[in-house]
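Read the structure below first, then the notes.
Because the structure is a prediction, the values reported are computed rather than measured. These numbers come from the heavy atoms of this one structure, side chains and all, not from hydrogens, waters or symmetry mates.
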Amino acid sequence: MHDIPWPAWPGFFVRVRTSRLEMQEYLEQQLRIVLDGMGDSPPAFRLEFQPPANPEHGDLACNAALQLARHFRRAPRQIAEEIAERLRALPIDSSRIEGIDVAGPGFLNFRFAANYLTSELRELLDRSEDFGRSNAGSGKKALVEFVSANPTGPLTVGHGRNAVLGDTIASLLSWSGWEVSREYYFNDAGRQMRILAASVRSRYTALANPSMGTKTIGSGEDKTTVPESFPEDGYLGDYIVEIARSLFDEHGASLLDADDDTVFKTSAEKCIFEGIVRTLARLGILMDTFFNEKSLYDSGRVWDVVEKLREKGLAYDHEGAVWFKTTEFGKDKDTVLIKSTGEPTYRLPDIGYHVDKLERGFDLAVDIFGADHIATFPDVLNGVESLGYDSDKIDVVIYQFVTLIRGNEPVKMSTRKAQYVTLDELMDEVGEDVTRFFFLMRSSNTHLEFDLKLAREASEKNPVFYLQYAHARICSILRKAEEVSFEFDAQADLTLLSHEAESSLIKELIRFPQTVSRAAETREPHRIANYLRDVAVAFTQFYGHCRIIGESSELASARMSLALATRIVLKNGLSVLGISAPDRM
RNA sequence: GCCCUCGUAGCUCAGGGGAUAGAGCACCGGUUUCCUAAACCGGGUGUCGGAGGUUCGAAUCCUCCCGAGGGCGCCA
């Protein structure tokens, strides 16, 4: 922190811009001087500031007196009074701090000079589309890995939460200055893909050879008729039949004698992946890289991991399998890395994959996982760490599952059984913006109850429309201004914005940068959603109380500036969330 | 049995050491000669799951209990 020489002549530097942080630093300096004069503070004592919940309590509060009550063996209010008294005697720079009050149990409440708000607002307007961006992560690279569904079927509502969370966290990091890559990890080998291929082949065979018999599988309501050759645990979705049909259209019956399932696997994978990419694009999601698990075997990375773990005594042979000593890290059991069949479990490539991420030079690797992975990712972190990498660079965001409700019944989701609602169907019903917002408006940590019927019915009252409406309204004001040849003075005196609705809107708007930073640090996009609602509320109140067009020209221009500032914040905020900001609705 | 997450208004959820715990939905009433009524204004609810503990101060931190969901595979 460099020292800023504070002007001793209030009034001369009215144009000086003071950020909240500078304000806090300034107060901290002054408070230190005062407290030093009041005797020794306890060693662990640290000054804490917080914005009061109630605007009547000023702009910034300090709880020093409460913390020091025990140490000084005096009533907190009394201490606060003394601090306030001594602060006023300093003297405090009145171009920054307008008032110091003692309130409640002993809080020191500071009121900023009006100049503070207007200078912040001016900065907002100047920075415009960059307002909210920061450089916390500048010069650093982050990788956000998400979706990562294997190509066995269309994306479902459950994947939707993952996709939107990952994309938005990537966006938040990017707003915080990180150089961000979005990556999709997949495995197109293994058991599930074999079953997929066999399922397609069976459907194809039935088409090419209609005389083939059928069988009935499942029981009760799940009872279905499938071709005789249909594999056990085969995929029942309609898309399988469609893939089979397009193969039949293209090749006729010539594939009946195919030596293996390769052609079925390849075309199914291609078709399903195309669908996934299309669905993601619809949500506005564009991956930078697709990472095939296979490459970890091709490069030998996987075997390298096993070898190194053996060297460290953390991997050993037992009953034909290779085990990972997870008991070393406090687990009850060790874990199999390579089955006795020679096939690795998913944990091994996972460790290799994360090593690969760090080897690629990422300073941060964020994973978006469903709650079912909550117990397994520590193995990966421990593996990475014991290979000599810094696992602190890996950050896992866990989201709770989406409970889909149709009518009053929770729908059981299973890709294989074809009991699911696809992400595309969801977007068809409620739209892309609502879909994104719905997944983002709640903490990823809580279960998301998604009632399809309600989502459809509520679409008109959905909170996302409220935000967009506020934005559209501002655009409408601008159109009106154009119509009446409104003369806008971009340098209007912003201190004219003294109405309560105006200052609370300004206070709301200038919180945007810290809200974005905080959301990025905690990987919590819902903070933005909640914040934007507060902005929209504050704007709508301003709109209700203060007219723009028709007021005296200077006030009208000042208010127009405020409306423009609101539009900037709404637009930037919605853009962080990947939601459109329509000009009219 | 062990581990993880959650339990806040009728419902869905914010808040995660500080002042009187907040929104939206739902419910009732009012508002349009006025820049979009997809809006605004007014009306009221809480043993913050329970019990202890730490603290000047707990919805928030710790312990235990109860309840919901998830995980504990040579499945991913």
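- Every residue meeting the side chain to side chain contact (heavy atoms under 4.5 Å, CB included) condition with A/Gln400, not counting sequence neighbours, appears here in chain and number order: A/Arg161, A/Ala371, A/Ile398, A/Asn445, A/His447.
- In this model, no donor atom of one side chain and acceptor atom of the other lie less than 3.5 Å apart for A/Thr326 and A/Asp379.
- Under the 6.0 Å cut-off for aromatic ring centres, A/Phe273 and A/Tyr184 qualify, their centroids lying closer than that.
- Regarding contacts with the backbone of B/G15, a side-chain N or O of A/His526 is found under 4.0 angstrom from either OP1 or OP2.
- Here A/Phe512 pairs with A/Tyr531 under the ring pair (Phe, Tyr, Trp, His ring centres under 6.0 Å) rule; sequence neighbours left out.
- Under the side chain to side chain contact (heavy atoms under 4.5 Å, CB included) criterion, A/Ala472 pairs with A/Met585, sequence neighbours left out.
- Put simply, CZ on A/Phe45 is 14 Å from P on B/C56, counting in whole angstrom units.
- Ring geometry for A/Tyr399 versus A/Phe401: interplanar angle over 60°, hence perpendicular rather than tilted (30 to 60°).
- Note on A/Ala61: a base of the nucleic acid sits closer than 4.0 angstrom, heavy atoms only.
- Here A/Ala375 pairs with nothing under the side chain to side chain contact (heavy atoms under 4.5 Å, CB included) rule; sequence neighbours left out.
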Taking N or O atoms only and anything under 3.5 Å, show me the protein contacts with nucleotides 26-29 of chain B, one pair per line.
from  : atom 1 : to       : atom 2 : distance (Å)
B/A26 : OP1    : A/Lys461 : NZ     : 2.9

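- Residues A/Asp583 and A/Ser444 each lie close to RNA chain B; by heavy-atom proximity, the contact nearer the 5' end of the strand is made by A/Ser444.
- Distance from the side chain of A/Arg442 is smallest to B/U12 among B/U12, B/A39, B/C35.
- In this structure, A/Arg70 reaches the sugar-phosphate backbone alone: every heavy-atom distance under 4.0 Å involves primed, P, OP1 or OP2 atoms, never a base.
- Among residues at least two apart or in separate chains, ring-ring contact (aromatic ring centres under 6.0 Å, His included) pairs with a member in residues 331-354 of chain A are A/Tyr185-A/Tyr353, A/Phe291-A/Tyr353.
- In this structure, A/Ser443 reaches the sugar-phosphate backbone alone: every heavy-atom distance under 4.0 Å involves primed, P, OP1 or OP2 atoms, never a base.
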Any chance you could list the contact pattern along nucleotides 70-76 of chain B? Use B for base contacts, S for sugar-phosphate-only contacts and - for none, protein heavy atoms under 4.0 Å, 5' to 3'.
SSSSBSB
Do A/Phe45 and A/Gln67 pass the side-chain contact (heavy atoms from CB on, under 4.5 Å) test, and can you show the C-alpha distance, the side-chain angles, and the key distance before you say yes or no?
CA-CA 8 Å; A/Phe45 176 74; A/Gln67 288 181 289; 3.5 Å; yes
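- A/Arg194 pairs by the salt bridge (Lys or Arg N to Asp or Glu O under 4.0 Å) definition with nothing, not counting sequence neighbours.
- Counting non-hydrogen atoms under 4.0 angstrom, A/Cys546 reaches a base of the nucleic acid.
- Taking a pair as Watson-Crick or G-U wobble with both distances under 3.5 Å, RNA chain B forms stems of 3 or more consecutive pairs at B:1-7 with B:66-72, B:10-13 with B:22-25, B:27-31 with B:39-43, B:49-53 with B:61-65.
- Rounded to an integer number of Å, the gap from A/Phe377 CZ to B/C3 P is 16 Å.
- Contact annotation for A/Asn109: base contact, defined as any heavy-atom pair under 4.0 Å involving a base atom.
- For the OP1/OP2 pair of B/A37 and a distance below 4.0 Å, the side-chain nitrogens and oxygens of A/Arg473 include at least one atom meeting the criterion.
- Across all non-hydrogen atoms, the minimal contact from A/Leu570 to A/Ala470 is CD1-CB, 3.8 Å.
- The backbone N or O of A/Asn187 lies less than 3.5 Å from a partner atom in the side chain of A/Asn150, making a donor-acceptor pair.
- Between A/His373 and A/Phe369, the angle of the ring planes stays under 30°, which puts this pair in the parallel group of the 30/60° scheme.
- Looking only at distances, no side-chain donor or acceptor of A/Glu293 sits under 3.5 Å from a matching main-chain atom of A/Pro349.
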Show the distances under 3.5 angstrom between N or O atoms of the protein and N or O atoms of nucleotides 43-46 of chain B.
none

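- Out of B/A14, B/C35, B/A19, the shortest distance to the side chain of A/Phe107 is found at B/A19.
- By the side chain to side chain contact (heavy atoms under 4.5 Å, CB included) test, A/Glu500 is found to be paired with no residue, residues two or more places apart in sequence or in another chain being considered.
- Listed for the A/Asp356 side chain is no donor-acceptor partner under 3.5 Å among the backbone atoms of A/Gly352.
- By the 4.0 Å N-to-carboxylate-O rule, A/Glu483 lies too far from A/Arg479 to be salt-bridged with it.
- Among the heavy atoms of the strands lying under 4.0 Å from A/Ala103 is at least one base atom, whether or not backbone atoms are also near.
- Using a 4.0 Å heavy-atom criterion, one finds that A/Ala472 contacts the bases of the nucleic acid, with or without backbone contacts as well.
- Residue contacts shown for A/Asn63 include a base, since a base heavy atom lies under 4.0 Å away.
- Each of A/Arg527 and A/Asn445 has a nearest nucleotide on RNA chain B; the 5'-most of these lies closest to A/Asn445.
- RNA chain B lies under 4.0 Å from at least one heavy atom of each of the following residues of residues 531-544 of chain A: A/Arg533, A/Thr540, A/Gln541, A/Tyr543.
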